[in-house]
Amino acid sequence: MKISQVVLASFLLTCFVACNKPAANTAAPAAAAQPAVDPNATIPPKFVSGVNAPFPDNLWNKPGTVTVAATVGTDGTITETKVVSSPHPELNDLATNAVKQWKFESAKKNGQAVPFTITVNLKFEKPAPGTKVQQMPPAKAPAASAEKKQK
């Protein structure tokens, strides 16, 4: 009986090893599918520089987030702004004046600069205790375009 137990154990061990061995001709796993890139797709603008919106201490009791839709022109400057949502009207000018000072690399389509509208969320909140508050100068009015000057 002992011999039959040894033979049976040996048989089971051989089957276990054989069953858990990878097959000799298994194919490599398929590479993950890459999404197709549309060559005509618009490449969004890239942020280059800008200022933070100031949050005067007299408005600290009115925190919140102002959402601004801004059009980045072909030269990378902000050409238009529109407040989409705001918790307090007093924050609207602060938000739009800051966004108007931002600079971008323009959006591209087929290698050409194109206007592109972005949505920006500007969060206004009271600074943490001990934080030095830096007030930003007011935004300058954007220069008139060459077309407008000629008329």
Side-chain angles (χ1 to χ4, degrees), residues 12-151:
L12 291 175
L13 181 60
T14 305
C15 287
F16 177 78
V17 171
C19 291
N20 289 314
K21 199 177 198 183
N25 291 331
T26 57
Q34 297 295 321
V37 177
D38 181 1
N40 299 320
T42 302
I43 299 169
K46 292 182 185 176
F47 180 79
V48 174
S49 66
V51 299
N52 291 325
F55 190 32
D57 55 359
N58 63 321
L59 296 177
W60 285 357
N61 63 336
K62 299 179 181 183
T65 300
V66 178
T67 302
V68 177
T71 301
V72 178
T74 57
D75 62 353
T77 61
I78 300 297
T79 59
E80 295 178 37
T81 59
K82 179 182 177 184
V83 174
V84 176
S85 67
S86 174
H88 305 288
E90 298 92 342
L91 301 175
N92 295 357
D93 284 341
L94 299 171
T96 56
N97 286 338
V99 172
K100 287 176 183 176
Q101 297 178 65
W102 293 3
K103 303 287 183 228
F104 292 82
E105 287 181 19
S106 63
K108 302 270 194 266
K109 182 169 179 122
N110 297 325
Q112 300 293 326
V114 293
F116 193 92
T117 300
I118 60 172
T119 302
V120 182
N121 293 314
L122 293 104
K123 188 173 184 179
F124 291 89
E125 62 184 8
K126 184 177 178 179
T131 303
K132 184 178 177 181
V133 178
Q134 180 181 8
Q135 296 295 330
M136 297 291 173
K140 295 179 182 178
S145 69
E147 290 178 20
K148 290 180 182 176
K149 288 182 182 178
Q150 291 175 351
K151 290 185 178 180

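The residues of the chain are indexed from 1 along the displayed sequence.
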For T65, side-chain hydrogen bond (donor to acceptor under 3.5 Å, both in side chains) partners two or more places apart: none
Closest contact, heavy atoms only, F55 versus P63: CZ-CA, 4.1 Å
Salt bridge (Lys or Arg N to Asp or Glu O under 4.0 Å) pairs, two or more places apart, involving residues 113-126: K123-E125
Set of side-chain hydrogen bond (donor to acceptor under 3.5 Å, both in side chains) partners for T71, sequence neighbours left out: T117
Exercise: identify the closest heavy-atom pair between T81 and K100: OG1-CE, 3.4 Å
Student check: side-chain heavy atoms of P54 and N97 closer than 4.5 Å: no
Qualifying residues under side chain to side chain contact (heavy atoms under 4.5 Å, CB included), relative to N92, sequence neighbours excluded: V66, V83, S86, P89
Euclidean distance, L91 CG relative to L122 CG, rounded to 0.5 Å: 10.0 Å
Validation row: P115, V72 side chains within 4.5 angstrom (heavy atoms): no
Heavy-atom pair of closest approach, residues N58 and N61: O-OD1, 3.6 Å
Which residues share a side-chain hydrogen bond (donor to acceptor under 3.5 Å, both in side chains) with N121, sequence neighbours left out: T67
For K109, side chain to side chain contact (heavy atoms under 4.5 Å, CB included) partners two or more places apart: T42, V114
Pairing residues for S106 by the side chain to side chain contact (heavy atoms under 4.5 Å, CB included) criterion, not counting sequence neighbours: K108, A113
Residue pair F124 / L59, side-chain heavy-atom distance below 4.5 Å: no
Sequence neighbours excluded, every pair satisfying ring pair (Phe, Tyr, Trp, His ring centres under 6.0 Å) that has a member inside residues 74-103: F47-W102
Selection residues 72-88 - residue pairs positive for salt bridge (Lys or Arg N to Asp or Glu O under 4.0 Å), sequence neighbours left out: none
Rounded distance (nearest 0.5 Å) linking atom OG1 of T79 with atom CZ of F116: 13.0 Å
side-chain hydrogen bond (donor to acceptor under 3.5 Å, both in side chains) against E90, all qualifying residues, sequence neighbours excluded: K62
